[in-house]
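Nothing here was measured: the structure is a model prediction, and the numbers come from that model. The analysis underlying the following values was restricted to heavy atoms, covering all of them including side chains, and did not include hydrogens, waters or symmetry mates.
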Amino acid sequence: MTMDTRPVENFTAEDFRRRAVHEQAPHGVELGDHTLNPGLKDLILGQKLRDAAVLVPVVDRPQGATLLLTRRTDTMRNHSGQIAFPGGRIDPDDGSPEDAALRETDEEIGLKRGFINLAGRMPDYVTGSGYRIAPVLATVRPGFSLTINPDEVDEAFEVPLEFLMDPANHRRDSRIWQDRERFFHTMPYGERYIWGITAGMIHMLYERLYA
């Protein structure tokens, strides 16, 4: 059995923040579903894109940092039942993608801004479903309590950052989409199946901060 020799200090919230501050928008590149599917690039980038933002919240836990994720309700119109970051569309009243991510996080799971420290923002992630998502990086101070909005979220849970930043836990799968094979990332964690857009952004986080 091969031992994991990566230093534990690489997976603290403080270390994450040191890495995240180097990710500052604007970036000169858009990443996303087309990165894994270059044959679908024109189809994905040629559609009318709606702007959205998500919070990538790394919680400062003494046993090691965790990533806070949600599972969407089964009644949602889009991506029902899927694991996601808190976030959503950018409204006209939002001053920035960061404001939108913080607002949506509060609305979805009741995580208040006073516990959140913004750190950076990765390149926009373009999805095959027609969104341009701004991933906002942040650390979260412990001591918060969550109030789940049952219309949007079934549950919120945490996954060790060390698990998600281990490339051994990153898989690639595929399905047929519009008569063509479409590849996507997956990161099964126990009974939870992290895949698609969320797994793609987590993989981007690994490549840009930890690879």
Beyond-backbone contact of [X] with [Y], side-chain heavy atoms, under 4.5 angstrom:
X	Y	answer
Gln82	Arg71	no
Asp151	Thr73	no
Val126	Tyr131	no
Arg18	Asp15	yes
Met187	Leu164	yes
Asp173	Phe183	no
His22	Arg208	no
Leu111	Val140	yes

Of the non-hydrogen atoms in [X] and [Y], which two are nearest, and what is the gap between them?
X	Y	value
Pro123	Val29	CB-O, 3.5 Å
Ala134	Pro97	CB-CB, 3.7 Å
Pro142	Asp60	CG-O, 3.3 Å
Thr198	Ala84	OG1-CA, 3.3 Å
Val136	Ala101	CG2-CB, 4.0 Å
Ala119	Arg17	CB-NH1, 3.6 Å

Open item on the list: Is it the case that the side chains of Asp166 and Tyr206 hold a donor-acceptor pair, with the cut-off being a distance below 3.5 Å and no angle test?
Closed with: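 Side-chain D/A pair, Tyr206 to Asp166: absent.
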Joint cluster assignment, [X] & [Y], ILVMFWY side-chain distance < 4.5 Å:
X	Y	result
Tyr125	Ile83	yes
Phe85	Tyr210	yes
Ile202	Phe184	no
Val58	Leu209	yes
Val59	Val21	no

Is there a donor-acceptor pair closer than 3.5 Å between any side-chain N or O of [X] and the backbone N or O of [Y]?
X	Y	answer
Asp33	Gly128	yes
His185	Met201	no
Arg113	Asp106	no

- [ ] Please determine if Arg175 and Glu181 form a salt bridge, counting it only when a charged side-chain N lies under 4.0 Å from a carboxylate O.
- [x]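 Looking at Glu181 together with Arg175, the answer is no, because their closest N to O distance does not fall below 4.0 Å.
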Open item on the list: Using a strict threshold of under 4.0 Å (side-chain N to carboxylate O), is an ion pair present between Arg121 and Glu23?
Closed with: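 No.
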From [X] [atom1] over to [Y] [atom2], what is the distance, rounded to the nearest 0.5 angstrom?
X	Y	atom1	atom2	answer
Glu108	Thr147	CD	OG1	13.0 Å
Asn117	Arg141	CG	CZ	8.0 Å
Ile109	Ile148	CD1	CD1	6.0 Å
Glu30	His27	CD	NE2	11.5 Å
Ile194	Arg171	CD1	CZ	11.5 Å
Glu155	Thr70	CD	OG1	9.0 Å

- [ ] Show your reasoning for whether salt bridge (Lys or Arg N to Asp or Glu O under 4.0 Å) applies to Glu152 and Arg72.
- [x] CA-CA 6 Å; Glu152 298 188 51; Arg72 297 167 65 88; 6.0 Å; no
Task: side-chain hydrogen bond (donor to acceptor under 3.5 Å, both in side chains) partners of Asp91, counting only residues at least two apart - done: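 Per chain and number, Asp91 pairs via side-chain hydrogen bond (donor to acceptor under 3.5 Å, both in side chains) with Arg103.
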Open item on the list: Go through it in stages, so that I can follow the logic: the residues are Leu69 and Phe157, the test is side chain to side chain contact (heavy atoms under 4.5 Å, CB included), and I'd like the CA-CA distance, side-chain angles, deciding distance and then a yes or no.
Closed with: CA-CA 6 Å; Leu69 296 166; Phe157 61 94; 3.9 Å; yes
Open item on the list: Please determine whether salt bridge (Lys or Arg N to Asp or Glu O under 4.0 Å) holds for the pair Asp51 and Arg89, giving the CA-CA distance in whole Å, both sets of side-chain angles, and the decisive distance to 0.1 Å.
Closed with: CA-CA 6 Å; Asp51 290 321; Arg89 291 191 187 186; over 6 Å; no
Task: side chain to side chain contact (heavy atoms under 4.5 Å, CB included) assessment of Ser96 paired with Ile90 - done: CA-CA 8 Å; Ser96 66; Ile90 298 176; over 6 Å; no
Open item on the list: Working note: Ile176 + Arg182, criterion side chain to side chain contact (heavy atoms under 4.5 Å, CB included); need CA distance, chi angles, decisive distance, verdict.
Closed with: CA-CA 6 Å; Ile176 300 301; Arg182 178 179 175 182; over 6 Å; no
Task: Worked check of side chain to side chain contact (heavy atoms under 4.5 Å, CB included) between Phe16 and Leu205 - done: CA-CA 10 Å; Phe16 172 82; Leu205 184 72; 4.0 Å; yes
